[in-house]
Amino acid sequence: MRSTSTDGDAMFLTFREHVKKLLTEALGQCEYPSSDLALTVKPGYADLTSLIAFKLAPVLKLAPQEIARNVTQHLGSDELVARAEASGPYVNFFVSDDYLRRTLSAVLEEDQNYGRVDAEGVVILEHTSANPNGPLHIGHVRNSVIGDTLARCLRQAGYRVETQYYVNNMGRQIALVVWGIMNFELNGQRKSDHATADIYVKANADVEVHPTKLGEIRQLMQRFESGDRDVACLFKDAVEFCLRGINQTLKSLHVSHDRYVWESEFLDDIDGIIDELKSHGVAESDGSTHVDLSSFGIGKDLVVRRSDGTSVYATRDIAYHVWKAGRCNRMIDVLGADHKLNALQVGKVLELLSINAPEVVFFEFVSLPEGSMSTRRGHFVSADEVLEKVTEKAYDEVDKRRPTLSEQEKRAIAQAVGIGATRYDLLKVSTDKPMVFDWTEALDFERQGGPFLQYAHARASNILKKTTFDYQYEPELLTDEYEIKLIKLCAQFPAVIEDVTVNLSVSVLASYARELAEAFNQFYRFMPVLSAEPEMRSARLALVTCARVVLRNVLNCLGIEPVDSM
RNA sequence: GGGCUCGUAGCCUAGUCAGGAUAGGGCACCGGCCUCCUAAGCCGGCGGUCGAGGGUUCAAAUCCCUCCGGGUCCGCCA
């Protein structure tokens with residue numbers, strides 16, 4: 001069954017375009033001025049609503065109700081827009097049967113590509129970028145999961161995405177690790193990132209008691225920047241050692257980076273950038289070199305080179321962004337909210353260099369009930385620890401519900417469910433909300449969390465594996481409210497993906513996933529599939545197939561494994 | 001002290017950028033549903049001065065101002 005659509009397969013977006021066209025035509029016939037169409041979605045009333053009567057009322061000096069009535073009388077319909085009706089001041093639009101039919105065929109045809117919108121070009125998305133001085137903690141994971149999910153959505157939309165991990169390999173923190181490795185014994189039994197943290201905590205404590213040792217740290221940093229090969233090797237080894245462990249954790253979270261970019265690679269670019277800033281007349285020298293950003297409302301000058309001639313983090317970060325900007329159409333960073341000022345400064349300097357500032361997604365901190373986390377003091381809940389406990393809990397749940405499954409199957413499901421629950425918990429909350437990590441909450445699989453979504457997918461899979469669907473079906477048989485609701489939600493998916501990629505907000509995807517799973521569970525409860533009459537059975541099998549495709553695509557975008565059984 | 005940000009039922013949270021029809025969910029609590037495709041599910045109930053006070057508007061959780069409370073930033077650190 002091939003789609004005959006010429007408008008693309010994002011049915012809801014196409015429907016919206018049709019509404020715009022019809023509404024604009026109606027305005028012309030009424031001889032009303034063109035205006036903001038003010039389209040909005042308000043489920044329960046209509047598939048799309050225009051508030052245009054409110055907008056025109058003051059201009060026309062007419063009651064909104066009257067305007068809505070007049071507009072509606074002149075509104076035509078087409079193959080996707082079945083009808084429009086005025087409800088008081090609101091102009092409500094309703095989708096046609098053809099809309100539903102085409103949604104089904106679009107999903108079936110597009111399959112894993114369903115959700116694609118016309119997004120083109122290359123996106124470089126930087127996320128995680130944690131200092132390699134210890135394991136990722138639950139706060140870093142919030143960054144990773146947001147970044148990874150955005151990357152997945154951008155890819156689904158049609159972008160070519162390169163994810164990057166910016167490795168801070170030349171700071172004081174890494175120098176402390178290197179110094180620590182030289183002075184303390186590394187525990188070879190521990191996972192490498194945890195062993196690194198042990199050393200880092202010890203080094204910090206030691207330096208605090210013996211401040212004179214700070215000179216050794218400073219010396220290490222200077223030798224590294226001045227190009228000392230032996231020291232560079234020590235730094236490189238220490239960073240790679242820790243990164244191995246971090247990478248392992250990311251992998252188990254279904255997070256991957258296409259490229260690790262080392263901070264030290266940009267040392268050579270710094271002179272050129274500072275020269276260019278001078279030629280713009282904004283860099284002044286009085287020992288150090290600094291940029292006046294007061295015209296951007298930033299009171300303090302940004303130092304771009306120390307008076308001793310060494311580079312600073314900010315300048316290396318600027319160089320990194322200059323490099324990235326030349327290689328992509330969209331440059332996106334996922335950063336903790338504590339980086340807001342830094343990011344603003346980097347962005348403004350880039351603008352001075354005639355380069356667009358990156359789009360930055362900020363997220364607020366994850367803290368512990370007893371306060372904020374600190375790698376330095378060893379106060380943190382590591383991602384590994386969370387995953388281990390959550391997976392263990394998930395195993396208990398599987399074991400309880402599906403005692404007959406093989407050990408291997410139980411383990412696999414527990415792994416998928418544990419990670420899904422963790423990722424979803426971090427994604428569902430708006431990024432500008434601080435979170436408090438709580439073990440009880442993390443281990444309590446909420447009713448409409450990750451497992452809820454996976455369960456809906458598993459149920460769909462379960463129906464489909466009991467039969468074969470031959471793609472012959474009569475879509476007009478699907479008229480029940482639960483069926484219609486499910487189809488309409490399937491139709492929304494590309495619009496949701498577009499929303500995510502435009503606004504860079506992952507929580508809307510999380511909400512959508514929850515609604516879709518809920519709609520499927522309702523359908524599952526009230527609409528028998530396998531036991532239905534042959535024609536109805538085929539039609540519902542088509543819908544189950546569609547729902548499963550969309551559920552699977554949503555779960556993939558969320559980085560949650562769509563399991564077939566749980 | 002200044003900047004940024006958050007404050008929605010006992011607890012957690014969507015919606016706020018682009019103001020509009022009964023403020024969506026979840027946890028907890030109460031009551032139903034497994035001779036029926038996996039009950040990690042479905043249905044119903046209880047619970048809201050959208051931090052407080054002003055303002056703008058035909059219309060404010062949403063915009064503006066003040067205040068209160070939490071977070072965070074304000075290094076020639078990274």
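Keep in mind that what you see is a predicted model, and the values were worked out from it rather than measured. Protein chains get the first letters and strands the later ones, always in sequence-line order, with residue 1 at the start of each.
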Which residue in the set A:R402, A:Q454, A:H457 passes side-chain hydrogen bond (donor to acceptor under 3.5 Å, both in side chains) when paired with A:S565?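 The residue from A:R402, A:Q454, A:H457 that satisfies side-chain hydrogen bond (donor to acceptor under 3.5 Å, both in side chains) with A:S565 turns out to be A:R402.
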Could you work out, with side chain to side chain contact (heavy atoms under 4.5 Å, CB included) as the rule, every residue matching [X], not counting sequence neighbours?
| X | answer |
| --- | --- |
| A:L234 | A:V178, A:M182 |
| A:E216 | A:W179, A:K213 |
| A:E515 | A:L489 |

Nearest to the side chain of [X], heavy atoms from C-beta on, is which of [options]?
| X | options | result |
| --- | --- | --- |
| A:V303 | B:rG25, B:rC76, B:rA78 | B:rC76 |
| A:N92 | B:rA40, B:rA21, B:rU72 | B:rA21 |
| A:V398 | B:rC42, B:rA40, B:rC76 | B:rA40 |
| A:S288 | B:rC76, B:rC37, B:rG25 | B:rC76 |
| A:F54 | B:rC58, B:rG75, B:rA21 | B:rC58 |
| A:N168 | B:rG20, B:rA78, B:rA40 | B:rA78 |
| A:R172 | B:rA21, B:rC77, B:rA39 | B:rC77 |
| A:L341 | B:rG20, B:rC76, B:rC74 | B:rC74 |
| A:K340 | B:rC4, B:rA78, B:rC42 | B:rC4 |

What's the gap between [N] and [M] when it is taken at their [atom1] atoms, as a whole Å value?
| N | M | atom1 | value |
| --- | --- | --- | --- |
| B:rC17 | B:rA39 | P | 41 Å |
| B:rU13 | B:rU8 | C1' | 9 Å |
| B:rG3 | B:rU62 | C1' | 23 Å |
| B:rG55 | B:rA14 | C1' | 28 Å |

Which nucleotide, in any strand shown, forms a Watson-Crick or G-U wobble pair with [N], with both distances under 3.5 Å?
| N | answer |
| --- | --- |
| B:rG1 | B:rC74 |
| B:rU62 | none |
| B:rA14 | none |

Would you say the base of B:rG71 stacks on A:F365 (centre-to-centre below 5.5 Å, plane angle below 30°)?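 Whether judged by distance or by angle, A:F365 falls short somewhere, so it does not stack on the base of B:rG71.
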Report yes if the ring of A:F452 lies under 5.5 Å from the six-membered base ring of B:rG41 with planes under 30°, and no otherwise.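 Per 5.5 Å and 30° rule: no stacking.
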Pair of N/O donor and acceptor under 3.5 Å linking B:rC37 base with A:S531 side chain: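 A donor-acceptor contact between them is absent.
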Below 3.5 Å, does any donor atom in the side chain of A:N521 face an acceptor in the base of B:rA39, or the other way round?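 There is none.
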Is the distance from OP1 or OP2 of [N] to the nearest side-chain N or O of [X] less than 4.0 Å?
| X | N | value |
| --- | --- | --- |
| A:Q522 | B:rC43 | yes |
| A:R401 | B:rG41 | no |
| A:Y313 | B:rA78 | no |
| A:K300 | B:rG75 | yes |

Torsion-based syn/anti label for B:rC34, 90° from 0 as limit: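 Base orientation relative to the sugar is syn.
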Select from A:L51 and A:G171 the residue whose nearest nucleotide in RNA chain B is closer to the 5' end of that strand.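 By nearest-heavy-atom nucleotide position, the 5'-most residue is A:L51.
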With nearest nucleotide decided by heavy atoms, which residue, A:R306 or A:M527, maps closer to the 5′ end of RNA chain B?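 Nearest nucleotide further toward 5': that of A:M527.
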Indicate the ring-plane relationship of A:F380 and A:H137, choosing parallel, tilted or perpendicular according to the 30° and 60° boundaries.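 Judged by the thresholds at 30° and 60°, the geometry between A:F380 and A:H137 is tilted.
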Measure the shortest side-chain to side-chain distance between A:R142 and A:E364 over non-hydrogen atoms and say whether it is less than 4.5 angstrom.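 SC-SC contact between A:R142 and A:E364 confirmed.
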Using modelled atom types and a 3.5 Å cut-off, is there a donor and acceptor pairing between side-chain atoms of [X] and backbone atoms of [Y]?
| X | Y | answer |
| --- | --- | --- |
| A:Q164 | A:Y260 | no |
| A:S406 | A:E409 | yes |
| A:D333 | A:L335 | no |

Can you check each nucleotide of nucleotides 11-17 of chain B against protein heavy atoms at under 4.0 Å and return B for base, S for sugar-phosphate only, - for none, in 5' to 3' order? ---SS--
For A:F54, what residues pass the ring pair (Phe, Tyr, Trp, His ring centres under 6.0 Å) criterion, not counting sequence neighbours?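 Testing A:F54 for ring pair (Phe, Tyr, Trp, His ring centres under 6.0 Å), a comparison that skips the adjacent residues, returns A:Y90.
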Does any residue of residues 538-547 of chain A have a heavy atom under 4.0 Å from RNA chain B, and if so, which ones, in number order?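 Within this stretch, nothing sits under 4.0 Å of the strand.
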Starting from the C-alpha separation in whole Å, work towards a yes-or-no answer on side-chain contact (heavy atoms from CB on, under 4.5 Å) for A:L478 and A:R540. CA-CA 7 Å; A:L478 301 171; A:R540 289 189 181 150; 4.0 Å; yes
